[in-house]
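What follows is a single structure, written as structure tokens, with notes after it.
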Amino acid sequence: MPSIETTDWLALRSRVDTLITDPVIPIYDPGALVTPPKDGSNNPLPFILLSDATNDPQRIGLSSRGIHGVDHIRTGTLMLTLQWPIARDVSHAQIKEIAGQIAAHFPADACMTYGQSRLRVTQDAAAMQAYVGGAYRVAVVRVFWSSI
């Protein structure tokens with residue numbers, strides 16, 4: 001049986017898998033070897049990098065479920081980082097729109113499940129201000145989640 005950390009990640013990833021962006025943008029898991037995608041003319045294309053920062057579990061008392069003896073609440077932040085090549089024309093408003101599309105896919109109270117994990121988005125996801133990092137315009141979308 002997979003660990004709770006694994007099933008939490010798979011619950012988050014299951015929601016990411018239903019994300020549709022316009023334009024379609026490939027998504028890479030944490031630790032993936034990323035070769036930035038290119039179009040038919042060998043120009044770089046945008047992509048999204050995923051990361052998940054978890055917090056220490058918080059013990060809330062004796063288990064009402066009786067499964068593990070103690071209940072804990074697990075929390076974290078899923079980050080979806082949009083990487084848009086500077087060489088590819090895009091306006092600030094367009095970057096905000098794409099990041100907004102991504103954030104809208106994670107509204108408050110959206111539930112995500114996988115195996116033993118039951119997670120929910122604790123507040124509407126938010127897109128941070130885009131910035132230039134190296135050869136990319138970068139916009140980070142933060143999704144705060146908690147176990148339920």
Co-members of the apolar cluster containing Val24 [side chain, <4.5 Å]:
none
Applied to residues 138-147, the side chain to side chain donor-acceptor pair (under 3.5 Å) test, sequence neighbours excluded, yields Asp52-Trp145
Could you list all the side chain to side chain donor-acceptor pair (under 3.5 Å) pairs where at least one residue sits in residues 119-140, not counting sequence neighbours?
His92-Gln129, Asp109-Arg120
I would like to know whether Asp22 and Gln101 meet side-chain contact (heavy atoms from CB on, under 4.5 Å); could you show each step before the answer?
CA-CA 8 Å; Asp22 183 21; Gln101 290 174 18; 4.2 Å; yes
Evaluate side-chain contact (heavy atoms from CB on, under 4.5 Å) for Val132 paired with Val138, printing each intermediate quantity in order.
CA-CA 6 Å; Val132 174; Val138 179; over 6 Å; no
Using the rule that two of Ile, Leu, Val, Met, Phe, Trp, Tyr join whenever any of their side-chain heavy atoms come within less than 4.5 Å, decide whether [X] and [Y] are in one cluster.
| X | Y | result |
| --- | --- | --- |
| Ile102 | Met79 | no |
| Leu50 | Val140 | no |
| Phe144 | Leu119 | no |

Sequence neighbours excluded, the answer for side-chain hydrogen bond (donor to acceptor under 3.5 Å, both in side chains) partners of Asn43 is none
List in chain and number order the residues that pass side-chain hydrogen bond (donor to acceptor under 3.5 Å, both in side chains) with Thr54, two or more places apart in sequence or in another chain; answer none if no residue qualifies.
none
Here the gap from His72 atom NE2 to Asp56 atom CG, rounded to the nearest 0.5 Å, amounts to 10.0 Å
At what distance, to the nearest 0.5 angstrom, does CG of Leu80 lie from CD1 of Ile48?
6.5 Å
Output all residues satisfying side chain to side chain contact (heavy atoms under 4.5 Å, CB included) with Pro37, sequence neighbours left out; order by chain, then residue number.
Pro26, Tyr28, Leu45, Phe47
Quick one: does Pro46's side chain get under 4.5 Å of Pro85's, heavy atoms only?
yes
Where do Gly134 and Ile86 come nearest, in terms of heavy atoms and distance?
O-CD1, 3.4 Å
Side-chain donor/acceptor pairs under 3.5 Å, residues 8-19, sequence neighbours excluded:
{"unit_1": "Asp8", "atom_1": "OD1", "unit_2": "Arg74", "atom_2": "NH2", "d": "2.9"}
{"unit_1": "Asp8", "atom_1": "OD1", "unit_2": "Ser117", "atom_2": "OG", "d": "2.6"}
{"unit_1": "Asp8", "atom_1": "OD2", "unit_2": "Arg74", "atom_2": "NE", "d": "2.7"}
{"unit_1": "Arg13", "atom_1": "NE", "unit_2": "Asp29", "atom_2": "OD1", "d": "2.6"}
{"unit_1": "Arg13", "atom_1": "NH1", "unit_2": "Asp17", "atom_2": "OD1", "d": "2.6"}
{"unit_1": "Arg13", "atom_1": "NH2", "unit_2": "Asp29", "atom_2": "OD1", "d": "3.3"}
{"unit_1": "Ser14", "atom_1": "OG", "unit_2": "Ala11", "atom_2": "O", "d": "2.6"}
{"unit_1": "Arg15", "atom_1": "NE", "unit_2": "His105", "atom_2": "O", "d": "2.9"}
{"unit_1": "Arg15", "atom_1": "NH2", "unit_2": "His105", "atom_2": "O", "d": "2.5"}
{"unit_1": "Thr18", "atom_1": "OG1", "unit_2": "Arg15", "atom_2": "O", "d": "2.7"}
{"unit_1": "Thr18", "atom_1": "OG1", "unit_2": "His105", "atom_2": "NE2", "d": "2.8"}

Criterion side-chain contact (heavy atoms from CB on, under 4.5 Å) on Val34 and Leu49, from CA distance to verdict:
CA-CA 9 Å; Val34 177; Leu49 297 174; 3.8 Å; yes
Only pairs under 3.5 Å count here: list side-chain donor-acceptor contacts from residues 93-100, not counting sequence neighbours, and write none if there are none.
{"unit_1": "Gln94", "atom_1": "OE1", "unit_2": "Ser91", "atom_2": "N", "d": "2.6"}
{"unit_1": "Gln94", "atom_1": "OE1", "unit_2": "Ser91", "atom_2": "OG", "d": "3.2"}

In short, salt bridge (Lys or Arg N to Asp or Glu O under 4.0 Å) pairs touching residues 82-94 with sequence neighbours left out are Asp39-Arg88
Is it the case that the side chain of Gln116 and the backbone of Pro2 share a donor-acceptor pair, with hydrogens and angles ignored and the cut-off at 3.5 Å?
yes
Of all residues at least two apart in sequence or in a different chain, which pass the ring-ring contact (aromatic ring centres under 6.0 Å, His included) check with Tyr114?
none
